[in-house]
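Below: the structure, in structure tokens.
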Amino acid sequence: MNEVGMTKGSWKVSIRAIMLLSLLLMTLAALMVIIHMSHGKYLDNLREAKSDTARLTYGLAAEFRVLVNSARELGETLAMLPDGRNPDAGKVEPLLKSLIDQNPVYANIVMLDHIGQAWASGVPLHGKVFSMADRRYFKSVMATGVFSAGEYTMGKTTSKPVLSFGCPIRNVDGTLMGCIAIGFNLEYFKTTFQNAELPPNSIFTFIDHKGIILYTSYSPETNIGKPYLPDEFKAMQTKAVDRTFVGEGVDGLRRIISFTDLRLNDSEPPYLYIKVSIPFAPVAENIRKQLAIHISTIVAAIFVLTALIWYLGRRFILAPIAVVNDALVKVAEGDLAVRLSGRVHVRELKQIESTFDTMISALSENIGERQKAEESLQRHGEFLWTLLETIPSPVFYKDTAGKYTGCNKAFEEFLGLRRNDIIGKTVFDIAPRETAEIYHQKDQELLSNPGKQIYEWQVKRKDSETRHVIFYKATLMGARNQIAGIVGLISDITERKHVEEEREKLKDQLLHAQKLESIGRLAGGVAHDFNNMLMVISGNIELVLEQIDPAQPMHDNLMEALDSARRSADLTRQLLAFARRQAIAPQLLSFNEMVTGMLKMLRRLIGENIDLVWKPGPNLWPVRMDPTQIDQILANLAVNARDAIEGVGNLTIETDNIIIDETYCMSHEGFIPGEYVLLAVSDNGRGMDQETLAHLFEPFYTTKEMGKGTGMGLATIYGIVKQNDGFINVYSEPGKGTSFKIYFRRAKLQSQPVQVEKIRQAPQGGAETIMLVEDEEGILRLGRTILESYGYRVLATQAPGEALTISQQHQGPIHLLITDVIMPQMNGKDLQTRMQTRHPGLKTLFMSGYTADTISNHGILEEGIHFLQKPFSALTLATKVREVLNGSD
């Protein structure tokens with residue numbers, strides 16, 4: 001028998017034909033797979049190339065944004081300098097030139113007055129007069145008062161192409177007095193961005209807000225300063241195209257193009273567009289080559305395999321099958337004595353020989369073995385069921401139609417349903433519609449792509465409690481290796497979610513505290529110079545006022561200037577309080593007595609329409625604080641409550657002893673366990689939303705209308721609380737009022753709390769000799785004038801060394817040393833020690849405009865030391881001098 005086949009009617013198919021057809025189908029399938037994979041690889045390469053182009057674009061944008069932010073910080077720093085507000089080119093221009101020399105990115109830095117006139121420049125003006133009033137950045141700064149961007153221009157001072165930015169200069173009262181122009185040297189960008197790691201033949205372009213090319217790597221000599229393609233720029237502005245797309249480049253080649261824009265803030269239009277493109281051809285070229293090689297290899301293999309299969313199929317498959325077929329025909333005819341031994345020479349088919357020979361005898365034996373196998377399978381199934389029931393996690397399985405075919409006891413308990421209410425049902429029968437649709441969609445995705453599936457979602461149980469879970473699912477395979485359904489396990493992560501949410505809350509609290517700490521350090525950094533200037537201003541005004549008749553018109557002007565200087569000093573003290581750097585004199589106090597002493601003043605402050613309720617706590621512990629700080633806290637909170645109450649309302653002040661434990665501190669960032677005295681101030685006003693609460697303690701933040709409030713009240717309270725190692729919590733909701741709860745550490749009782757407020761007496765003069773040492777010439781001259789006006793004999797000098805020489809040469813006694821704390825050569829503490837060897841009875845009054853943490857490093861803020869914080873008035877100085885001279889050390 002030469003050929004074995006199958007017939008149906010007149011149709012006959014040989015095994016060799018089936019094998020060849022199978023080979024052809026596999027070849028076609030392989031070709032389709034290769035083409036599909038090549039196309040997929042092409043799409044992957046295209047996506048990766050688009051992503052790389054976008055990353056290059058955003059990388060260049062990020063570098064440019066860093067440069068702009070540096071320019072903004074530089075402008076803001078220059079605007080804060082005293083010389084930056086004083087149009088003295090001789091003082092400012094050396095600094096500007098030094099900045100340009102150190103930063104080649106800047107073409108020039110120019111100081112402009114309020115009409116755009118340049119009065120100082122890093123590039124010498126050589127007597128020329130320049131006006132920048134027509135520049136876009138100047139107009140924007142003077143209109144908005146914020147950092148603004150310009151456009152492509154030729155610099156008036158440098159005659160080079162620049163892109164300029166403007167930073168406002170404000171007077172001490174906050175009014176705009178000019179602008180700082182910072183011009184970017186476009187030649188710098190040529191060097192910087194040409195060094196960027198870009199693919200070969202890449203093109204990058206910088207375009208300003210008008211569509212003028214600032215720089216391009218494509219023919220820069222002919223394109224820089226020219227308008228960009230109008231239609232394409234309009235599409236970029238209106239976002240008519242994707243930010244990353246394939247299109248024709250300026251060189252006529254097909255390219256992958258990506259662009260982005262830069263803004264100073266979200267509310268302003270872009271001031272710069274950055275565009276990067278790379279060639280498209282290399283993306284597809286490699287895939288085309290690989291596809292051609294694979295197809296050529298498969299076509300060649302088809303011819304070889306066809307011939308080989310034709311020969312091998314006939315000899316090693318068809319011939320042995322014919323022998324087996326003859327034996328089967330005999331068996332079918334009842335000949336059970338037929339054997340195949342020695343007639344089949346193919347290894348795989350040779351196993352049929354012994355199988356065929358023992359088939360009849362093994363048939364009866366197989367029946368018994370089958371029964372044993374069924375019993376073993378049953379025992380195995382019972383074990384698996386017991387194992388499934390004991391798993392503590394919920395487990396379920398479904399068929400391909402989405403019906404539940406089984407689950408364990410943990411699944412029943414988790415859903416709160418009985419098994420009979422689950423089996424045979426779909427997820428739409430046991431879950432809300434919107435949730436069921438998500439589960440069903442996930443099941444269909446898993447059935448379409450067999451394997452594993454893990455995702456996080458929420459499950460609503462029968463008792464309406466929602467639990468956060470992770471689903472672990474996999475396809476369930478049947479006996480014939482077909483998909484039979486889905487098996488899943490549920491992991492309940494609700495508690496972990498709650499822990500993560502609490503951790504995020506604590507993280508937000510920490511970031512807020514760090515933000516306030518950074519603002520505090522900035523506020524304290526300007527205190528010394530500002531205090532010295534304010535003291536010279538206010539002191540000299542006071543001296544002039546003493547010599548002018550109050551009836552003269554100039555007297556009122558001077559009084560208004562003095563009042564402004566004093567308000568500026570108050571603002572400095574508020575900033576120092578927020579920064580926790582104001583000089584304080586802590587005393588042992590009773591909160592109940594301090595509040596009781598302020599009730600009358602507080603009632604006048606809030607008005608008759610608000611009822612003030614005072615609830616003192618019994619046996620209140622003492623605290624150690626500066627009494628003036630308690631006055632500040634109560635006054636600021638009372639004013640805030642008054643402004644928050646519309647019509648009739650209540651303001652309640654309470655005190656109590658509080659013990660804070662570890663549990664409370666775990667959920668309140670910054671709290672430390674211990675014994676505290678609570679000061680609670682509550683009102684039933686309009687309350688605050690979450691946005692307001694997030695910025696509540698920031699300096700100059702206020703929700704009041706323009707001209708009402710400086711925004712420093714709560715910032716001052718925050719600084720005082722932190723300076724005294726306390727904590728503050730605020731509870732408020734819109735329409736439900738506000739409650740401030742402030743905690744101060746209990747003080748160890750070493751002396752009686754202060755109960756009676758000292759009454760300041762009118763200052764008196766004297767005839768004593770005073771040594772005045774101050775390195776600031778203006779303050780030295782002012783102090784000498786004030787003291788001499790009160791009758792004192794004054795020995796004044798700027799240098800500590802000269803003060804020692806004067807004290808040694810002076811024949812009479814020196815009754816009082818008034819010295820600055822921090823000076824060249826030696827500090828005030830060392831000067832006092834050396835002068836006391838010559839004058840043993842010498843008394844000392846220290847003064848300083850530095851912040852409290854700086855002064856404390858020199859041992860000045862110790863108990864019993866006389867200290868005067870700058871700035872101070874003539875009245876304050878005279879009163880303090882008399883107090884020190886009259887006191888006993």
- Taking Gln809 for its side chain and Ser807 for its backbone only, find out whether a donor-acceptor pair lies under 3.5 Å. no
- Item | Min side-chain heavy-atom separation Glu768-Val881 under 4.5 Å | no
- Keeping the roles fixed (side chain from Thr805, backbone from Gly801), state whether a donor-acceptor pair exists under 3.5 Å. yes
- Query: If you take all heavy atoms of Gly122 and Leu96, which pair is closest and at what distance?
  - Reply: CA-CB, 3.6 Å
- When you check the side-chain N and O atoms of Asn592 and Ser590, is any donor under 3.5 Å from an acceptor? no
- Note on the structure: Rounding to 0.5 Å, atoms CG (Leu74) and CG (Asn69) come to a distance of 12.5 Å
- Message: Looking at every non-hydrogen atom in both residues, tell me the closest pair between Ala680 and Lys741 and how far apart they are.
- Response: CB-CG, 4.3 Å
- Give the C-alpha distance, both sets of side-chain angles, the deciding distance and a yes or no for salt bridge (charged side-chain N to carboxylate O under 4.0 Å, His left out) between Arg781 and Glu777. CA-CA 6 Å; Arg781 197 164 49 243; Glu777 183 178 357; 3.3 Å; yes
- Does the pair His815 and Leu885 meet the rule for a side-chain contact (heavy atoms from CB on, under 4.5 Å), with working shown? CA-CA 8 Å; His815 301 89; Leu885 288 171; 4.0 Å; yes
- Approximate separation, where rounding is to 0.5 Å, of Ile660 CD1 and Phe727 CZ: 6.5 Å
- d(Ile818 CD1, Leu816 CG) to nearest 0.5 Å is 4.5 Å
- Walk me through it: do Ile742 and Ile717 pass the test side-chain contact (heavy atoms from CB on, under 4.5 Å)? CA-CA 10 Å; Ile742 306 174; Ile717 292 174; 4.2 Å; yes
- Message: Looking at Lys843 and Gly887, would you say the former's side chain and the latter's main chain have a donor-acceptor pair under 3.5 Å?
- Response: yes
- Query: What's the shortest heavy-atom distance between Thr844 and Gln836, and which atoms?
  - Reply: OG1-NE2, 4.5 Å
- Calculate, to the nearest 0.5 Å, the distance between atoms CG and CE belonging to Leu831 and Met771 respectively. 8.0 Å
- Query: Which atoms form the tightest heavy-atom contact between Ala635 and Leu605, and what is the distance?
  - Reply: O-CD2, 3.8 Å
- Message: Check this for me: Lys880, atom NZ, are more than 12 non-hydrogen atoms of other residues, nucleotides or ligands nearer than 6.0 Å?
- Response: yes
- Message: Within this structure, what is the CD-CD1 distance for the pair Glu76 and Ile180, rounded to the nearest 0.5 Å?
- Response: 9.5 Å
- Might you point out which heavy atoms bring Pro824 and Pro800 nearest each other, and give the distance in Å? O-CG, 3.4 Å
- Task: Evaluate the side-chain proximity of Ile822 to Asn827: yes if any heavy-atom separation is below 4.5 Å, no if none is.
- Result: no
- Query: Just by modelled atom types, is the Gly145 backbone N or O under 3.5 Å from a matching donor or acceptor in the Arg170 side chain?
  - Reply: yes
- Is there side-chain contact between Leu78 and Ile182, with at least one heavy-atom pair below 4.5 Å? no
- Message: Please check this pair: side chain of Glu774 against backbone of Glu776, looking for a donor-acceptor N/O pair closer than 3.5 Å.
- Response: yes
- Item | Test item: side-chain donor near acceptor, Ser98 and Gln102, under 3.5 Å | yes
- Task: May I ask you to test the Arg838-Ile814 pair for a side-chain heavy-atom distance under 4.5 Å?
- Result: no
- Item | Beyond-backbone contact of Leu602 with Ile606, side-chain heavy atoms, under 4.5 angstrom | no
- Message: According to ring pair (Phe, Tyr, Trp, His ring centres under 6.0 Å), who are the partners of Phe744, at least two apart in sequence or on a separate chain?
- Response: Phe591
- Message: Quick test of your reading: applying side chain to side chain donor-acceptor pair (under 3.5 Å), list the pairs with at least one residue in residues 785-799, sequence neighbours left out, ordered by first then second residue.
- Response: Arg784-Glu788, Tyr792-Arg882, Thr797-Glu802
- Item | Heavy-atom side-chain contact between Thr769 and His810 under 4.5 Å | yes
- Item | Arg834/Met826 under side-chain contact (heavy atoms from CB on, under 4.5 Å): CA gap, chis, key distance, verdict | CA-CA 11 Å; Arg834 296 182 63 175; Met826 71 179 72; 3.3 Å; yes
- Message: Test your reading of the model: is there a side-chain donor-acceptor pair from Asp113 to the backbone of Trp119, 3.5 Å cut-off?
- Response: no
- Message: A side-chain contact here means heavy atoms from C-beta on lying under 4.5 Å apart; do Pro87 and Met111 qualify?
- Response: no
- Task: Under the side-chain contact (heavy atoms from CB on, under 4.5 Å) rule, what do Leu845 and Met847 come out as? Steps first, then yes or no, please.
- Result: CA-CA 7 Å; Leu845 173 59; Met847 58 182 179; 5.8 Å; no
- Query: Would you say the side-chain atoms of Thr175 pair up with the backbone N or O of Asn171, donor to acceptor, closer than 3.5 Å?
  - Reply: no
- Query: Shortest non-hydrogen contact from Leu868 to Leu877?
  - Reply: CD2-CD1, 3.9 Å
- Can you say whether the rings of Tyr743 and Tyr676 are parallel (under 30°), tilted (30 to 60°) or perpendicular (over 60°)? perpendicular
- Item | Heavy-atom side-chain contact between Leu804 and Met835 under 4.5 Å | yes
- Task: Let me know which of Ile630, Leu634, Leu637 forms a side chain to side chain contact (heavy atoms under 4.5 Å, CB included) with Leu679.
- Result: Leu634
- Item | Rounded distance (nearest 0.5 Å) linking atom CG of Leu842 with atom OG1 of Thr837 | 10.0 Å
